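Just follow the structure's listing: the first ligand is 1, and inside any ligand the first atom is 1. These numbers come from a predicted model, not from an experiment.
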Amino acid sequence: MAVFDLDMIQKVYAALPEKVAKVRAKLGRALTVSEKILYTHLWNDTPDTPYTRGKAYVDFAPDRVAMQDATAQMALLQFMMAGKPKVAVPSTVHCDHLIQAKTGADNDLAIAMDVNKEVYDFLSTVSNKYGVGFWKPGAGIIHQIVLENYAFPGGMMIGTDSHTVNAGGLGMVAIGVGGADAVDVMAGMPWELLQPKLIGVELTGEMNGWTSAKDVILKVAGIVSAKGGTGAIVEYFGPGADSISCTGKGTICNMGAEIGATTSIFEYGEAMSRYLRATGRAQVADLADQVTEHLRSDEAVHNNPEAYYDQVIRINLSELEPHINGPYTPDLAWPISAFAKAVKENGYPQKLEVGLIGSCTNSSYEDLDRAASLARQAVAKNLRTKAEFTVTPGSELIRYTVSRDGQLADFEAIGGVVLANACGPCIGQWARHTDDPKRANSIITSFNRNFAKRNDGNPATRSFVASPEIVTAMAIAGDLTFNPLTDTLINENGEAVLLDPPTGVELPPKGFDVEDAGYQSPAADGSGITVTVNPESKRIELLTPFAPWEGTDLTGMKLLIKAKGKCTTDHISMAGPWLRFRGHLDNISNNMLTGAVNFYNELTNTVQNQLTGEFMGVPDTARVYKAAGIGSVVFGEENYGEGSSREHAAMEPRHLGVRAVIVKSFARIHETNLKKQGMLGFTFVNKADYDLVRQDDTIDIVGLTDFRPGKNLTVVLHHADGTQDSFEVAHTYNETQIEWFKAGSALNLIRKQGGLA
Ligand code: MIC
Ligand code: SF4
């Protein structure tokens, strides 16, 4: 069943040559691949469209929208308020985040269908009504399904998940956003983006042995750090890039989210063409083949990358070692040869308890085939797998195919448990069986993120990230100091054996196959469908618009929390058990900032309620201030809001009366989410001013009556001892975004424009 929109793709390709020529003439220089795609998706190509990277916001017209179930609820609740009859561009919903992994695919899926029935019914009805394609629970993880069905070279897509960028592996400019951004596009309005900078990664040589595509991005993360890609598109090019399979490219782009990159992309080439054909899209491949030159950077870019990119990184794949990154942050990169020493020196628990492969990052046919080659060796060499081992296929198409071709049986033969085609342990949907949920322990995954508590809720779990091949080998060894490239293992017969490097093929020799992919297409006319939400529901709550700005400076606010160190969206709005409240703003707000560390006592979820002096949970304290009609302020450090696209991390503070978030720097998606929800997000002009903030501060923000692009504002801290400090804060709001703030949220503005408010 073809679910992709050939008409839309045809139109994009038909217009491409002329549009590219026009931009090239206008800029008078060669263009990189992402520039071609971005500039051919301008909302409105006016003579003064700004092309200055990193400075101006530009309006774009993406071709499609993808949403996963944990973020789609809020996105669609907002869309319902926008007053539109139907989505303006092809859009899909994917049920993947809410399935908890416990015993294995069949049982877990059946339980999820029951436990999440209300949410699935809501999503499927709303999708049906508004013309949104619906991928049922069990169909697979959003990014894998998008790669298999929807992504196309030269296209532009936004998705309500940070790993939407995965589609860059198929030559698409695909960007992760919050739900409010998706509402813009689905409502047929322009979508704005800060004109990205460009980072070029030139890959030479060819991978061999144990090295795989994952190691490219693990290495890049180590080079540029978790915030190093912020505001930039990463373009991969060079002979090494062309030699990587399409799904391998997807893996690299996927984990570009971990360096904060706006997106990552590879140029169109044979690997993509092969993948399109293998996934039933020969027509798309034929079309793309005709416009290949426009789906790649101009030769001048390849010849002199320094002239076109803001930063150029070079990696020789022939010399690239497998990497293991972590714990607690995806950019702590260790080449395998240095890892055993790092484990010992840093006291990471040496015993490996669980190895988990799969996820949206790494569950291609190639990944599973290569990992399975190690499982077969383990059996042949009489090795007993020492750690627990789980496999998460990315989609039913993959699962069905590797079940048919035997790889799943290979995993099961070494004790592997096949989990549902869903996010599962990657996002804390993991009923991990352990004797002590607080014990320090190590796990290794082929996923992308490894923040504290992310997988199993235990802050003492050290989670490491590697390729599926390395994870499988480590699970067999059960020991973090094992280096599969050089070390032997003792088998059941007491013999020392060495694992041979993994082998595998890129695409299934017998083709992909599936019985029921799990897709439901929407009603042609959804106007008669009603969406009902039970007012008593604990999981879905219709939204009420946020209040507009009162028109004055904000004074007399209380410090809610001064967060210390890393504060990702997992710290601000934890996932795992909280995912069940993603459609209910008031209920999910009870997790607000509960993972953030309070600067003053180094504890989580323990801040001082200034009205009583007692220490309480963060959401409880915020609710006290809110009830008293007092606004509150959150302070934080670098790359605040790193990680996920979940806009709950912005909506919860908004709902609980936080007025401003003031930090040393922001992660891109979170900063936009704050703006969209009518919040103030500022950065310290002088980062050391963070130190001036005291636990007992009352805070004013001065200058809002003259809130303008580029103009700093002043924060005044009234300390309890009667003294005060003040300092400047900067912001990146443009005129439209200031209007969102004034209206109370971007959605309020859409409603106003549609005559709804
Ligand atoms: C993640 O990987 O952190 C998630 C869960 O997929 C999130 C989305 C969410 O929080 O729902 C993301 O990456 O955006
Ligand atoms: Fe799901 Fe994990 Fe991928 Fe996020 S990173 S979409 S939670 S598999």
Side-chain angles (χ1 to χ4, degrees), residues 66-75 93-101 119 135 137 139-147 158-167 174-179 181-182 217 250-251 253-258 260-261 263 330 356-363 367 390-395 398 419-430 445-455 463 465 568-583 588 591 595 641-652 667-670 672-673:
M67 293 166 278
Q68 44 90 338
D69 53 359
T71 49
Q73 298 169 57
M74 212 40 101
V93 163
H94 304 260
C95 296
D96 52 3
H97 280 61
L98 302 179
I99 303 168
Q100 190 187 43
V119 172
W135 288 83
I141 309 174
I142 176 169
H143 312 301
Q144 183 66 28
I145 304 250
V146 165
L147 198 72
I158 60 161
T160 60
D161 190 282
S162 64
H163 295 107
T164 302
V165 294
N166 188 70
I175 300 179
V177 297
D181 287 55
I217 184 62
T251 296
C253 293
N254 178 301
M255 227 190 124
E258 273 52 68
T263 192
L356 305 98
I357 65 165
S359 89
C360 69
T361 329
N362 265 128
S363 60
D367 288 334
T390 70
V391 184
T392 314
S395 70
I398 282 282
L419 301 174
N421 313 319
C423 301
C426 179
I427 193 54
Q429 291 282 42
W430 189 21
T445 79
S446 72
F447 310 162
N448 40 32
R449 287 193 179 137
N450 54 358
F451 305 139
K453 299 198 209 173
R454 180 173 168 97
N455 304 112
S463 171
V465 178
T568 71
T569 44
D570 280 2
H571 297 78
I572 305 171
S573 175
M574 206 160 283
W578 291 95
L579 285 173
R580 67 180 184 280
F581 296 126
R582 283 291 184 87
I588 198 164
N591 79 355
E642 169 185 347
S644 157
S645 67
R646 63 191 75 143
E647 65 197 327
H648 305 77
M651 292 180 93
E652 295 174 25
R668 175 189 63 89
I669 307 180
H670 185 61
T672 308
N673 286 345

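Residues meeting the side-chain hydrogen bond (donor to acceptor under 3.5 Å, both in side chains) test with S162, sequence neighbours left out: R449. With sequence neighbours left out, the side-chain hydrogen bond (donor to acceptor under 3.5 Å, both in side chains) criterion links T392 to no other residue.
When R582, Q68, Q429 are each tested for a side chain to side chain donor-acceptor pair (under 3.5 Å) with H97, only one passes: Q68.
A heavy-atom cutoff of 4.0 Å around ligand 1 is satisfied by the protein residues Q68, A70, T71, H97, D161, S162, H163, I427, R449, R454, R582, S644, S645, R646.
Inside a sphere of radius 2.8 Å centred on atom 2 (Fe) of ligand 2, the protein N/O/S atoms present are C426 SG.
When all heavy atoms of A75 and M67 are compared, the closest pair comes out as CB-SD, 4.0 Å. Of all the heavy atoms in G178 and I669, the pair that sits closest is N-CG2, 3.9 Å.
We find the CG-OG distance between N448 and S359 to be 5.5 Å, quoted to the nearest 0.5 Å.
The aromatic rings of F451 and H571 lie tilted to each other, with the angle between the two planes from 30° to 60°.
Short contacts between ligand 2 and H143, defined as distances under 4.0 Å to a heavy atom of the residue, involve ligand atoms 6 (S).
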>> side-chain contact (heavy atoms from CB on, under 4.5 Å) for N421 and S395? Distances and angles first, verdict last.
In response: CA-CA 5 Å; N421 313 319; S395 70; 5.7 Å; no
>> Please determine whether side-chain contact (heavy atoms from CB on, under 4.5 Å) holds for the pair Q73 and V119, giving the CA-CA distance in whole Å, both sets of side-chain angles, and the decisive distance to 0.1 Å.
In response: CA-CA 8 Å; Q73 298 169 57; V119 172; 3.5 Å; yes
>> As a quick check of understanding, evaluate side-chain contact (heavy atoms from CB on, under 4.5 Å) for I142 and C360, giving each step before the final call.
In response: CA-CA 8 Å; I142 176 169; C360 69; over 6 Å; no
